[in-house]
Q: 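Please find one structure pasted underneath; my questions will follow.
In what follows, chains carry the letters A, B, and so on, assigned in the order in which the sequence lines appear, proteins first and then strands, with residues in each chain numbered from 1. Hydrogens, waters and symmetry mates play no part in the numbers below; they use all other heavy atoms, side chains included. What you see is a predicted model, and the numbers here were worked out from it, not measured in a lab.
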There are 2 protein chains.
Amino acid sequence: MSTATVNPAGGTSPAPAADACCTPSQGEAILNAGQAEALALRFKALGDPNRLRILSIVSASESAETCVCDLPEPLGLKQPTVSHHLKILVEAGILHREKRGVWAYYSVVPGALESLGASLAAKP
Amino acid sequence: MSTATVNPAGGTSPAPAADACCTPSQGEAILNAGQAEALALRFKALGDPNRLRILSIVSASESAETCVCDLPEPLGLKQPTVSHHLKILVEAGILHREKRGVWAYYSVVPGALESLGASLAAKP
DNA sequence: AATAGGCATCGACGATTGTCGATGTTTTGA
DNA sequence: TCAAAACATCGACAATCGTCGATGCCTATT
């Protein structure tokens, strides 16, 4: 009866025996490391309560943008911390930064959140 | 979580002062700390490449359930690490764990990813 | 009962993260 | 030209995270 259990040694699941826990594998349809890393970067940006609240504030005024000066107060955070979170959201492609004069205005990148949500419903 | 936050219903742009960066605030329509923390917990679970790959494998399985014994090999992780990630995904309400005999089978909670995606499209 | 195997938990380690004070950069106004 | 204000960046610190070896628990088999 050849192999009884699937063991990680190099062999790629020869044949599913009766006492095997389940069907060994299904081809190569899973996320590779690169795709997973890119997706994780964007979800990680959403994995902080204060960043979610920043998004909530910014997206609550969709037509207009939100300037940094209005964020520290409702969040209870200091200005450098807010800038730090904003940078992470920009690098994740979720927020857009536009500086006018002394002030910096942030807005949600159109379709960014929707595309992230779609990648969830489709299959990670 | 029906956050249909449509804030600017009344006055439309009440002519902000020249030296004000923008409209000061819009009441209390943003995510509070508790809601943000709960949402962040679930997004944080998706903020790791290996957990995304685990989700990919589990949701790609025909039988819709995958046993732990098949995960360490394609991920290149040791068994305790895989168990750790699985626990995080279960606590986030994304995966379901069912033990049959010696083996433990994991499956995606129906609608879990879709509801997370929906919370994205409908403003965090 | 004793053994073997699958999986969860524990303890530890380096790496990453969130926060803040201090400082730098840029623009506006006097 | 200088001063003030808004925002970004830097450096530091505690906390959390990802990973793994060792170990324990549970189940099925002998």
Side-chain angles (χ1 to χ4, degrees), chain A residues 1 3-9 17-22 24 33 36-37 40-54 58 65-73 75-92 95-107, chain B residues 16-22 24 33 36-37 40-54 58 65-73 75-92 95-106:
Chain A
M1 301 302 185
T3 59
T5 54
V6 181
N7 221 7
D19 57 343
C21 54
C22 53
E37 192 103 28
L41 191 92
R42 305 165 69 187
F43 281 122
K44 205 180 301 182
L46 299 175
D48 181 85
N50 288 320
R51 284 197 289 270
L52 287 179
R53 299 181 75 189
I54 288 178
V58 173
E65 312 100 324
T66 306
C67 93
V68 188
C69 63
D70 280 341
L71 290 176
E73 184 173 329
L75 295 173
L77 296 176
K78 300 299 180 183
Q79 177 262 325
T81 305
V82 172
S83 265
H84 170 70
H85 287 313
L86 288 170
K87 182 176 183 180
I88 291 180
L89 287 170
V90 167
E91 286 175 344
L95 283 189
H96 169 74
R97 175 180 183 268
E98 179 186 350
K99 188 160 189 187
R100 284 205 302 269
V102 196
W103 297 292
Y105 295 85
Y106 285 85
S107 57
Chain B
D19 58 341
C21 55
C22 51
E37 191 106 26
L41 191 93
R42 304 166 68 188
F43 281 122
K44 204 180 302 181
L46 298 175
D48 181 86
N50 288 320
R51 285 198 286 270
L52 287 179
R53 299 182 75 190
I54 288 178
V58 171
E65 53 184 10
T66 308
C67 94
V68 187
C69 64
D70 281 340
L71 289 176
E73 185 174 328
L75 295 172
L77 297 176
K78 300 299 179 183
Q79 177 264 324
T81 305
V82 172
S83 266
H84 171 69
H85 288 313
L86 289 170
K87 183 178 183 178
I88 292 180
L89 288 169
V90 166
E91 286 174 346
L95 283 190
H96 168 75
R97 175 182 182 267
E98 179 186 348
K99 188 159 189 189
R100 285 202 303 268
V102 196
W103 295 292
Y105 294 85
Y106 285 84

Q: Measure the CG-OG distance between B:Leu71 and B:Ser83 for me, rounded to the nearest 0.5 Å.
A: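 Nearest 0.5 Å value for the CG-OG distance: 9.5 Å.
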Q: From OH of B:Tyr105 over to P of C:dG6, roughly how many Å is that when rounded to an integer?
A: 12 Å
Q: Grab the CD1-C1' distance between B:Ile54 and C:dC7 for me, whole Å please.
A: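 Between C1' of C:dC7 and CD1 of B:Ile54: 14 Å.
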Q: Expressed as a whole number of angstroms, how long is the span from B:Trp103:CH2 to D:dA28:C1'?
A: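 Atom-to-atom, B:Trp103 to D:dA28, this comes out as 9 Å.
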Q: Taking the side chain as every heavy atom from C-beta outward, state whether A:Thr81 and A:Leu75 have any pair of such atoms under 4.5 Å apart.
A: no
Q: Calculate the interatomic distance between B:Leu95 atom CG and C:dA8 atom P; express it in whole Å.
A: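 Those two atoms, CG and P, are 12 Å apart.
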Q: Hey, are the side chains of A:His84 and A:Pro80 touching, using non-hydrogen atoms and a 4.5 Å cut-off?
A: no
Q: What is the distance from atom CG of A:Leu46 to atom CD1 of A:Ile88, rounded to the nearest 0.5 Å?
A: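 Answer for the CG-CD1 pair, A:Leu46 versus A:Ile88, is 11.0 Å.
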Q: Which protein N or O atoms sit under 3.5 Å from an N or O of nucleotides 15-19 of chain C?
A:
unit_1 : atom_1 : unit_2  : atom_2 : d
C:dG18 : OP1    : A:Arg51 : NH1    : 3.4
C:dG18 : OP1    : A:Arg51 : NH2    : 2.8
C:dG18 : OP2    : A:Arg51 : NH1    : 3.4
C:dT19 : OP1    : A:Asn50 : ND2    : 2.7
C:dT19 : OP2    : A:His85 : NE2    : 2.3

Q: To the nearest angstrom, how far is B:Arg97 atom CZ from C:dG6 atom P?
A: 16 Å
Q: Specify the separation, in whole Å, of atom CD of B:Glu91 and atom P of D:dG18.
A: 12 Å
Q: Which heavy-atom pair separates B:Ala36 from A:Pro49 by the least distance, and what is that distance?
A: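 Taking every non-hydrogen atom into account, CB-O, 3.5 Å.
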Q: Below 3.5 Å is the cut-off: list the nitrogen or oxygen pairs between protein and nucleotides 25-30 of chain C, distance only.
A:
none

Q: Could you state the CD-C1' distance from A:Glu73 to D:dC7, rounded to the nearest angstrom?
A: 17 Å
Q: Take atom CD in A:Glu73; do more than 12 heavy atoms of anything else shown fall under 6.0 Å from it?
A: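 Open.
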Q: Going through the checks in order, is the side chain to side chain contact (heavy atoms under 4.5 Å, CB included) test met by A:Arg51 and A:Leu89?
A: CA-CA 8 Å; A:Arg51 284 197 289 270; A:Leu89 287 170; 3.9 Å; yes
Q: Roughly how many Å is it from CG in B:Leu41 to C1' in D:dC17, rounded to a whole number?
A: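 Atom-to-atom, B:Leu41 to D:dC17, this comes out as 13 Å.
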Q: Is it the case that D:dA6 (base atoms only) and A:Gln79 (side chain only) share a donor and an acceptor within less than 3.5 Å, ignoring hydrogens and angles?
A: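 Per atom types, no contact qualifies.
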Q: Starting at CD of A:Glu37, measure out to NZ of A:Lys44 and round the result to the nearest 0.5 Å.
A: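 Interatomic distance, A:Glu37 CD to A:Lys44 NZ, rounded to 0.5 Å: 7.0 Å.
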Q: To the nearest 0.5 Å, what is the distance between NZ on B:Lys87 and OH on B:Tyr106?
A: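 Atom-to-atom, B:Lys87:NZ and B:Tyr106:OH are 10.0 Å apart.
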